[in-house]
Amino acid sequence: MSVIENGKVAFVTYTGTFPDSGDVFDTNVGGQPLPFLVGYRNMIEGFEQEMMGAAAGESRSFTLTPDRAYGHRDDSAFQDIPRDQFPADMEIEPGMVMAAYSDQGPVQFAIDSIEGDTVRVDFNHQMAGKTLHFEVEVNSVRDASPEELSHGHVHGPGGVEHQQKADDCGDSCGCC
Ligand code: ZN
């Protein structure tokens with residue numbers, strides 16, 4: 001019987017809550033199981049570690065401190081940006097989450113505060129500094145295809161469904 005280990009594709013149903021408040025921050029219960037390719041950083045590391053060795057039908061619950069989830073908040077991850085760097089017609093309010101494009105790809109940031117013509121933005125991950133609790137049920141586990149292993153993600157329903165044929169995708173790849 002397949003269990004969750006590196007190089008497998010696992011399908012899970014999960015609910016994530018903040019242990020302090022019990023508030024649900026994410027769940028796919030009632031929807032499609034979430035697939036992930038194990039060992040390819042599709043999921044936060046702590047999540048994978050806690051699910052290793054689990055078989056289909058198995059349920060696990062665990063709590064991840066920030067060091068095993070999205071890291072601690074970094075007080076130096078704030079930046080002051082002149083208001084005129086933002087589109088003039090854009091409404092900006094503290095708490096808003098925005099995306100920008102950097103050399104390293106898309107980055108998310110939150111508006112922390114606005115003082116006069118200066119906008120203070122927070123580049124910490126929205127979940128940084130938070131302890132997270134997960135209830136997870138394993139729906140199924142299967143071998144990954146060679147294409148999935150070379151792409152580093154799951155193909156098919158719930159995974160990546162390539163719109164266009166990827167350059168490194170062989171003819172045998174059913175995903176493209
Ligand atoms: Zn792919």
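The figures here come from the full heavy-atom set of this structure, side chains too, leaving out hydrogens, waters and symmetry mates. In each ligand, atom 1 is the first atom listed, and ligand 1 is the first ligand listed. Just so you know, residue 1 is the first one in the sequence shown, and it goes up from there.
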Of all N/O/S atoms in H151, which lies nearest to the Zn ion (ligand 1)?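 Result for H151 and the Zn ion (ligand 1): ND1.
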
What's the atom name of the N, O or S in H162 nearest to the Zn ion (ligand 1)?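 Atom name returned: NE2.
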
Determine the interplanar angle of the F123 and F109 rings, folded into 0 to 90°, and report it as parallel if under 30°, tilted if 30 to 60°, perpendicular if over 60°. tilted

For the pair F25 and F134, name the ring-plane relationship: parallel under 30°, tilted 30 to 60°, perpendicular over 60°.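 Correct class here is perpendicular.
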
Within a strict 4.5 Å, meaning less than it, do heavy atoms of the V160 and H162 side chains meet? yes

Mind reading off the angle at the Zn ion (ligand 1) between the NE2 atom of H153 and the NE2 atom of H155, rounded to 10°? 110°

Check the pair Y14 / D26 against side chain to side chain donor-acceptor pair (under 3.5 Å), numbers first and verdict last. CA-CA 8 Å; Y14 68 94; D26 196 12; 2.8 Å; yes

